Visitor: 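Following this message is one structure expressed as structure tokens.
First listed ligand is number 1; within each ligand, the first listed atom is number 1. Atom set for the values below is all heavy atoms of this structure, side chains included, hydrogens, waters and symmetry mates excluded. For clarity, every value in this text was computed on a predicted model and none was experimentally measured.
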Amino acid sequence: MTMLYYSLNKISPKVNFSEATIHGQAPDKGLYFPENIAALPGDLINNIANYTNEDIAYKVIAPYVGDTIPAEVLQKIIRETINFKFPLQQVTDKIFSLELFHGPTLAFKDVGARFMARCLGYFLKNEKKNTTVLVATSGDTGGAVADGFYDVDGINVVILYPAGKISTIQELQMTTHGKNINAIAVNGSFDDCQKLVKQAFTDTGLSKKLSLTSANSINVARWLPQQFYYFFAWKYWADKDHPPVISVPSGNFGNICAGILSMLGGIPFRHFIAASNSNDVLSGYFKSGVYSPKVSVATISNAMDVGDPSNLKRVIELFENDLDKFKKNVSSFSCTDEETKQTICRINLQYNYLLDPHGAVGFLALEKYLKKQSGQKGIFLETAHPVKFLDVVEPVIQKKIPLPTHLQNISHRKKNVTTMDANYEKFSNYLLAMG
Ligand SMILES: *Cc1c(COP(=O)(O)O)cnc(C)c1O
């Protein structure tokens with residue numbers, strides 16, 4: 001039987017993994033959610049150290065993919081998606097770092113983007129018409145999507161980013177691929193980019209001429225493979241009799257949502273911490289029981305500057321709309337930029353471990369939590385390489401950070417980017433001209 005996905009708005013019909021991936025969002029604008037949580041074989045949880053990462057990833061994702069991709073194709077997709085390391089490094093006597101930044105664009109979004117690109121490439125391979133993937137980014141998503149979709153047949157990618165508001169490395173990662181990857185530097189904010197993309201999706205004239213889809217994090221093909229991290233963390237965790245607390249630097253809540261799914265799928269994690277910067281929506285929700293989105297504010301951990309996290313609805317669904325259950329399993333945490341910087345500096349001096357601003361938020365959240373829980377240990381997810389945030393990290397530690405070897409020549413590559421005002425007519429003309 002194949003897994004079906006329903007819309008959280010409960011109006012649109014159920015679809016399989018292929019439909020959910022191609023369309024991203026349900027017609028009623030709800031997020032797709034799997035009909036049930038895959039029950040994984042007990043041996044995978046109890047003897048996980050005997051499995052290769054590829055075996056683990058296949059067993060975890062196959063129930064969600066169902067019969068929409070043949071086994072050998074799915075195995076190849078997984079092999080190509082996770083062909084780098086996910087090491088668990090000990091930082092203090094109680095705190096471990098799960099390093100998710102060893103992929104090509106140095107942030108954890110590589111896994112979801114690479115997996116989704118390959119699934120979409122497979123689903124669309126017999127389409128005569130090219131598909132255009134639109135994505136607005138505040139920094140990290142664009143690079144991961146560009147890398148993941150580069151040279152995938154039949155797919156054009158258009159990335160919109162706010163001109164002058166992303167880091168140098170992030171910009172190079174989106175503008176130097178060429179071929180099917182197109183970048184637009186928008187004279188405006190991230191919200192302006194997002195608005196242009198949203199307007200394109202509701203433009204029926206445009207969608208008659210182009211097949212448009214989105215590669216943002218609400219897509220099930222980006223969300224679900226993030227479970228792999230948690231299974232790898234469990235594999236590398238030595239003391240299986242004392243499972244860890246997991247701290248996740250959170251913005252749109254896609255990553256932590258995958259973590260909670262992996263716990264419900266069988267990993268006996270003790271507890272989760274949703275670690276946020278000053279864009280903290282969870283604490284208020286936990287206190288009052290009423291969710292109210294906020295306008296996001298800019299911080300130094302900018303990939304988490306989200307005031308209305310899309311995947312929170314999925315987390316609530318995972319806990320069956322039971323707020324007490326949610327609170328029992330997840331703690332909220334928020335810290336200021338000043339605390340983030342102090343943490344980067346202190347951990348570098350004390351433990352000789354260099355955090356990026358997102359990982360630093362996760363570390364501090366975990367450290368504070370463990371102070372109140374004697375005997376427990378934990379893992380925080382280090383979601384980006386510190387070199388991606390040079391402008392923040394170098395002044396804090398007062399040292400230069402060397403670029404990893406595979407990025408050393410990126411600054412010599414040719415940049416190819418269109419600059420555009422935040423004007424919908426110009427944007428739609430651009431898309432039509434691309435064909
Ligand atoms: C996207 C991102 C996050 C936030 O992840 P969500 O799934 O949106 O909660 C955290 N850290 C980094 C480095 C990111 O790029």
Visitor: Of all heavy-atom pairs between P404 and L106, which one has the smallest distance, and what is that distance?
Guide: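 Distance-wise, the nearest heavy atoms are CG-CD1, 4.1 Å.
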Visitor: For the pair E394 (side chain) and I401 (backbone), establish whether a donor and an acceptor sit closer than 3.5 Å, ignoring hydrogens and angles.
Guide: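 Side chain of E394 to backbone of I401: a pair is present.
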Visitor: What atoms of ligand 1 come within less than 4.0 Å of a heavy atom belonging to K109?
Guide: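 Answer for ligand 1: 1 (C), 2 (C), 3 (C), 14 (C), 15 (O).
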Visitor: Looking only at distances, please establish whether an N/O atom of ligand 1 is found under 3.5 Å from an N/O atom of G254.
Guide: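 Yes; the residue has a nitrogen or oxygen that sits under 3.5 Å from a nitrogen or oxygen of the ligand.
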Visitor: Check whether any side-chain N or O of N53 sits under 3.5 Å from a backbone N or O of F232 as a donor-acceptor pair, and report yes or no.
Guide: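 A pair under 3.5 Å: no.
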Visitor: Determine whether the side chain, the backbone, both or neither of D140 has a heavy atom under 4.0 Å from any heavy atom of ligand 1.
Guide: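 Looking at D140 and ligand 1, just side chain atoms fall under 4.0 Å.
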Visitor: What atoms in ligand 1 come closer than 4.0 Å to a heavy atom of A384?
Guide: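 Listed by number with element, the hits are 13 (C).
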Visitor: Is E317 paired with K313 through a side-chain N to carboxylate O contact shorter than 4.0 Å?
Guide: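 No.
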Visitor: Any idea which protein heavy atom is nearest atom 8 (O) of ligand 1, and the distance to it?
Guide: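 Checked against all protein heavy atoms, atom 8 (O) of ligand 1 sits closest to N252 N, 2.8 Å.
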Visitor: Given N216, T383, L106, which one has a non-hydrogen atom that is nearest to atom 12 (C) of ligand 1?
Guide: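 Among N216, T383, L106, the closest heavy atom to atom 12 (C) of ligand 1 belongs to T383.
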Visitor: Of all the atoms in ligand 1, which lie at a distance below 4.0 Å from a heavy atom belonging to S250?
Guide: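 Per the distance check, 9 (O).
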Visitor: Based purely on interatomic distance, does H358 place a nitrogen or oxygen under 3.5 Å from a nitrogen or oxygen of ligand 1?
Guide: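 There is no such contact.
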Visitor: For atom 5 (O) of ligand 1, tell me which residue out of F389, W223, F108, F101 has the closest non-hydrogen atom.
Guide: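 The nearest heavy atom belongs to F108.
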Visitor: Parallel, tilted or perpendicular: which one describes the rings of Y230 and F272, with boundaries at 30° and 60°?
Guide: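 Tilted: the ring planes of Y230 and F272 meet at 30° to 60°.
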Visitor: Return yes or no for this condition: an N or O of G251 is under 3.5 Å from an N or O of ligand 1.
Guide: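 Checking ligand 1 against G251, an N or O pair does fall under 3.5 Å apart.
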Visitor: Under the criterion ring-ring contact (aromatic ring centres under 6.0 Å, His included), which of W237, F363, Y351 is the partner of F96?
Guide: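 Among W237, F363, Y351, the one meeting ring-ring contact (aromatic ring centres under 6.0 Å, His included) with F96 is W237.
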Visitor: Can we say K377 and D239 salt-bridge, meaning some charged N sits less than 4.0 Å from an Asp/Glu carboxylate O?
Guide: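 Salt bridge between K377 and D239, a charged N being under 4.0 Å from a carboxylate O: no.
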Visitor: Is the backbone N or O of Q376 less than 3.5 Å from a side-chain atom of H242, with the two atoms forming a donor-acceptor pair by type?
Guide: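 No; zero donor-acceptor contacts below 3.5 Å.
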Visitor: I want to confirm something. Looking only at heavy atoms, which of D110, N311, N255 is nearest to atom 7 (O) of ligand 1?
Guide: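 Heavy atom nearest to atom 7 (O) of ligand 1 belongs to N255.
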Visitor: Numbering the atoms of ligand 1 from 1, which are under 4.0 Å from a heavy atom of P249?
Guide: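 Atoms satisfying the 4.0 Å criterion: 4 (C), 10 (C).
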